[in-house]
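Shown next, in structure tokens, is the structure this report addresses.
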Amino acid sequence: MTIICPRCGSIPEGGPERWSCPGCEATYPGLRGIIDLRTSEDAFLSNREDWDYARGLDADFDRLDFRGLLDRYFDLSPEIPAHLRRRQIEHIRTAPDRVRAWLDSLGLPEDAGPLLDLGCGSGSFLSAVGGSGREVAGVDIALRWLMVARKRLDEEGFAHIKLACGCAERLPFADESFAGVVAGDVIEHVDDQAATLAEAHRVLRPGGRLFLASPNRFSLAPEPHVQVWGVGFLPRAWMARYVRSVNNEDFRAIRTLGFGEWKRLIRRSPFKRGDLIAPGLPEADLVAFGPIKKGLARVYNRTVASRTGQVAAKAVGPLFHVVCVKEGESASAPMDDR
């Protein structure tokens, strides 16, 4: 799991606030031991703005606990409405209980090898598996979120888990570094989805597995990032303006996929095929639902357990889970994209 220079593949030297590459002589800044290896700008927030944000969190890093730093994160984003702030904080706080199931979906034995959390955000998956004995690392394009993840992991006794700031389309890890890559709620945010799959394939070992979770573009439920109905059924050129007109949210950097779009993306990737399902809603999510919504969710979970239910849910259900295998000497039997 050695972190490398994404430009030349050499191992940067130095830290914890500045590194240099002996291969191409590039220099990389860092914060709290998190090296910034980004090769392009985030579409949502420029790298300079992200650094300003991260430094604001760093100023309070030692004074605050994880929950306090999470509150501070949203204090630095006053444009986020109060109701969305409350919902997002609760979602992040309880996320480890939900995402622990991703490890089961990945389907790797405990001794398979290192795992990468691609787009690790606030560190929910890393927190969920940190005590399992598995070797794991996290990468994200947002240094500000990595500061929150660092606080969470340090507080929970997982200071040994490596974090790096980098682009999904140009990962700062060597070829065949990982047995598994997990990317939950990430693929809809990247600039280049095809390049992201190609990079995941590159850093996986033969027989390694990629797990992705992402909302269904054509879900009948409100779009989960902005809570607006019907966004996915519009032409892509209209989506951002429509969302802005409804609740003044920024939808420019989000690209969810429907079932057919997923099939095409996977077939054109180095993986060639994958197992794509519409999963049931996690029990950890149902706890927060009201009685009617909880009842409907349980009906949905029973429905997707059948073949007919899967067909309907892949068309208009809320979520997709995708598992792809890198074929090779130790690879499992090919999966299908039914």
Side-chain angles (χ1 to χ4, degrees), residues 91 94-139 168 178-190 193 196-197 200-201 203-205 207-216 219 224 256-257 259 262-263 265-266 269 271-287 297 300-307 309-311 313-314 317-327 330-338:
H91 183 81
T94 60
D97 291 335
R98 294 190 304 275
V99 303
R100 194 170 283 110
W102 294 352
L103 195 58
D104 296 330
S105 298
L106 191 61
L108 289 172
E110 290 186 10
D111 60 352
L115 305 179
L116 174 65
D117 186 358
L118 172 54
C120 64
S122 64
S124 300
F125 180 77
L126 300 173
S127 171
V129 303
S132 67
R134 293 175 181 266
E135 193 176 4
V136 63
V139 64
F178 299 97
V181 175
V182 170
D185 302 317
V186 171
I187 195 71
E188 67 269 23
H189 296 287
V190 301
Q193 294 171 331
T196 297
L197 289 191
H201 187 273
V203 301
L204 278 172
R205 299 171 179 175
R209 291 177 173 236
L210 168 67
F211 168 81
L212 305 111
S214 184
N216 183 357
S219 172
T256 53
L257 302 175
F259 180 62
W262 263 113
K263 289 176 67 176
L265 178 65
I266 294 169
S269 78
F271 292 101
K272 303 302 180 186
R273 61 182 66 199
D275 189 6
L276 195 155
I277 68 167
L281 301 174
E283 191 64 32
D285 280 356
L286 270 58
V287 172
Y300 176 80
N301 285 354
R302 289 195 295 270
T303 300
V304 297
S306 69
R307 181 177 292 273
Q310 275 291 307
V311 172
K314 287 174 182 176
L319 183 66
F320 289 122
H321 281 180
V322 182
V323 178
C324 299
V325 176
K326 180 174 180 175
E327 294 188 2
S330 60
S332 303
M335 311 177 96
D336 65 66
D337 55 357
R338 59 184 183 273

So, does [X] use its side chain to make a donor-acceptor pair with the main chain of [Y] at under 3.5 Å?
X	Y	answer
N301	G280	no
K326	L204	yes
K314	L276	yes
R98	H91	yes

Give, for atom [atom1] of [X] and atom [atom2] of [Y], the distance between the pair rounded to the nearest 0.5 Å.
X	Y	atom1	atom2	answer
T256	H189	OG1	NE2	9.5 Å
L265	L197	CG	CG	4.5 Å
W102	L115	CH2	CG	13.0 Å
L210	F271	CG	CZ	4.5 Å
D185	L319	CG	CG	7.0 Å
E110	L103	CD	CG	8.0 Å

For the student: nearest non-hydrogen atoms of [X] and [Y], plus distance:
X	Y	value
G317	S219	O-CB, 3.2 Å
S105	F211	CB-CE1, 3.5 Å
G274	C324	CA-SG, 4.0 Å
H321	A213	CD2-CB, 3.6 Å
L281	P318	CD2-CG, 4.0 Å

Task: Close side-chain approach of P114 and R205, heavy atoms under 4.5 Å - done: yes

Task: Aromatic plane relationship, F320 with W262 - under 30° parallel, 30 to 60° tilted, over 60° perpendicular - done: perpendicular

- [ ] Using the side-chain contact (heavy atoms from CB on, under 4.5 Å) rule, pick out the option among T196, V323, I187 that qualifies with L212.
- [x] I187

Task: Residue list, side-chain hydrogen bond (donor to acceptor under 3.5 Å, both in side chains) with E188, at least two apart or on another chain - done: S214, H225

List the atom pairs, donor and acceptor, that lie under 3.5 Å between side-chain atoms in residues 125-139 and the rest of the protein, sequence neighbours left out.
residue	atom	partner	partner atom	Å
S127	OG	E156	OE1	2.5
S127	OG	E156	OE2	3.3
S132	OG	V129	O	2.6
S132	OG	R134	N	3.3
R134	NH1	P109	O	3.4
R134	NH2	L108	O	3.3

